[in-house]
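Here the structure is laid out as structure tokens; the discussion comes afterwards.
We count ligands from 1, going down the list as the structure has it; atoms in each ligand are counted the same way.
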Amino acid sequence: MTTLMALKEKDTHMNRKPLQEYEFWFLVGSQSLYGPQTLDKVAQQSQIMANGLDASRDIPCKVVYKATLKTPEEIEKWIKEANYDDGCAGIIVWMHTFSPSKMWINGLSLLQKPYCHLHTQFNRNIPDQGIDMDFMNLNQSAHGDREHGFIATRMQLKRKIVVGYWEDEDVQQGIGKWMRSAVGAIESKKLKLVRFGDNMRNVAVTEGDKVGTQMQLGWQVNTWGVGDLIKELDKVTEADIDKQMAIYHDLYEFGSGDLETIRYQGREEIAMKRFLEREGAQAFSNTFEDLQEMRQLPGLASQDLMRQGYGYGGEGDWKVSAMTSLIKRMTEGMDGGTSFMEDYTYDLEKGKELSLGSHMLEICPSISREKATIEVHELGIGGKEPPARLVFEGHPGDAVLASLIDMGGRLRLIVQNIEVVTPIYKMPNLPVARVMWRPEPDLKTGSHLWILAGGAHHATLSYDADSVMLEDWCEIMGIEYVHISKETTVSSLKQQLFLSDIAWKLR
Ligand code: MN
């Protein structure tokens, strides 16, 4: 794990705002009739809770108590402010007392930020001797939050509901994880992706409606001719490459292959990074079919860019690239790793079936179980020079695969739980990074379900994101979510897909 931590610390990627700088506004509902004494107490206790949540190590962003809201005008004012404040990634609301929810209609109808309803109370226990009518007046969230829940449901507002005592670990973890989804939603609206060349010819799943996707998710996906990248490659100096080689020496082992080949990957990495920085992009795609005068398909170059947080997709696959970038963003500070991935081939030993995942070259070293090694081998496709790449094994652990597909008029995210295992073979002649896993519920059913749902051959593999985090992100973005887990069966999924097809057509 030390290697992995070292890789993370080297993260120098982009002028992005750190996760801990995003604010979530704690808005507490009440009403005027309680009188100033009770309302002061509400404000005081809410401040204590916000500070407590803010200090929790399970909560990656800032929690800021803003106001106790007593009138429709105050509610509308604070929701408008949340909408327009770029530092605010969402609101967390809680009704300490009773807050008649018709007061919330005008404000909530304007809300454009992610919304969490925290159903909790200031005290954990009912004070046996201390409970009297004053206590009851102050501590009413059991029914105050029901009044609030009704209006959100009546207005069909998408929101996260977290229930339990606010100091409990599971409650704080629930809030923290949702914050990551919310930041993912805010970042999604700003995401820019550079395509070096178009799609691999004739491939279907990597295509999609870029206009529709921008309307839904905010992604700005645009293509540049490979000639523009080649101009950038020519500008890279030998001294620039020396610096890049020092980083490679620091992070990776040097295996087979001549230095000139590795230096060419350094040149490609520098050129692509400059290009992405200039365009303010967080993700990119390319295809081995469209390299023009580039001497090698970027392997090590793309892998080392992914390590720094950039999204990558092969064969022009901008959807998987953008998802990889976003999931890396959502899981910032976690240390399991996230990579572009592809199902390659199976081991079909009866009862012990496993999938072997890899790609031509481009697997992110953040998921490595050991220090990755730079090697140079023939690619066997595309007719270019043998490229340098990082070779390693993925570490064991629970993870998810996520695949975003375009269903024509709507997007669907398919998320499958998997258990990554230490590869059961050495595979000394396989010249690429490799990961072996058992999908849920098992390889045969899991693959059946994935194919039935239309999942791509490309996916984002993440040890850090989980299905709840991605489900919440889909809900905020308003896209379809399909989860394949231990509980999923072929007939249950068929039924779900049939009904969701009808539901999405009615929208
Ligand atoms: Mn591929």
Side-chain angles (χ1 to χ4, degrees), residues 193-208 210 221 223 226 265 268 272 283-291 294 296-307 310-328 337-346 355-367 377-384 386-392 394 399-406 413-416 418 420 427 430-437 439 447 450-451 453-462:
L193 184 142
V194 168
R195 308 180 80 209
F196 295 116
D198 202 282
N199 207 52
M200 181 180 169
R201 284 179 279 281
N202 296 315
V203 177
V205 79
T206 48
E207 295 277 9
K210 298 197 275 297
V221 179
T223 305
V226 176
Q265 290 284 330
E268 290 181 324
M272 289 194 289
F284 68 106
S285 66
N286 61 11
T287 164
F288 69 94
E289 274 186 346
D290 188 5
L291 293 175
M294 287 173 76
Q296 301 174 24
L297 175 65
L300 169 60
S302 296
Q303 292 175 292
D304 197 56
L305 284 171
M306 261 190 281
R307 170 188 67 77
Y310 287 98
Y312 172 79
E315 294 96 60
D317 192 341
W318 49 276
K319 295 195 297 301
V320 77
S321 172
M323 277 315 300
T324 302
S325 153
L326 273 181
I327 291 175
K328 281 175 174 283
T338 295
S339 178
F340 168 61
M341 188 55 66
E342 178 171 273
D343 284 88
Y344 236 56
T345 194
Y346 296 137
S355 188
L356 173 65
S358 189
H359 203 253
M360 264 180 216
L361 304 170
E362 311 91 342
I363 301 300
C364 178
S366 68
I367 67 169
H377 302 276
E378 288 286 345
L379 197 55
I381 190 168
K384 292 283 178 181
R389 81 288 306 270
L390 291 168
V391 180
F392 57 86
V400 292
L401 291 172
S403 167
L404 184 74
I405 59 166
D406 189 327
L413 187 75
I414 301 151
V415 176
Q416 180 163 40
I418 61 170
V420 181
M427 301 176 281
L430 180 69
V432 285
R434 68 290 302 273
V435 185
M436 258 189 172
W437 65 80
S447 302
W450 186 269
I451 286 169
H457 54 276
H458 288 163
T460 303
L461 184 151
S462 180

Margin query: Restricting to under 2.8 Å, identify the protein N, O or S atoms around the Mn ion (ligand 1) as residue plus atom.
Written below: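 Result, waters dropped: Glu315 OE1, Glu342 OE1, His359 NE2, His458 NE2.
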
Note to self: With no hydrogens and no angle check, just 3.5 Å: does a side-chain donor-acceptor pair link Ser321 and Ser285?
What the structure shows: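 There is no such pair between these side chains.
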
Check: Heavy atoms, side chains only, cut-off 4.5 Å: are Glu315 and Val203 in contact?
Finding: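 A side-chain contact under 4.5 Å is absent here.
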
Margin query: Quick check: do Leu413 and Met323 have side-chain heavy atoms less than 4.5 Å from each other?
Written below: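 When only atoms from C-beta onward are counted, Met323 and Leu413 do touch, with a gap below 4.5 Å.
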
Quick one: side chain to side chain contact (heavy atoms under 4.5 Å, CB included) partners of [X], sequence neighbours excluded?
{"X": "Ile451", "answer": "none"}
{"X": "Val432", "answer": "Ser358, Arg389, Leu430"}
{"X": "Glu289", "answer": "Met200, Arg201, Thr287"}

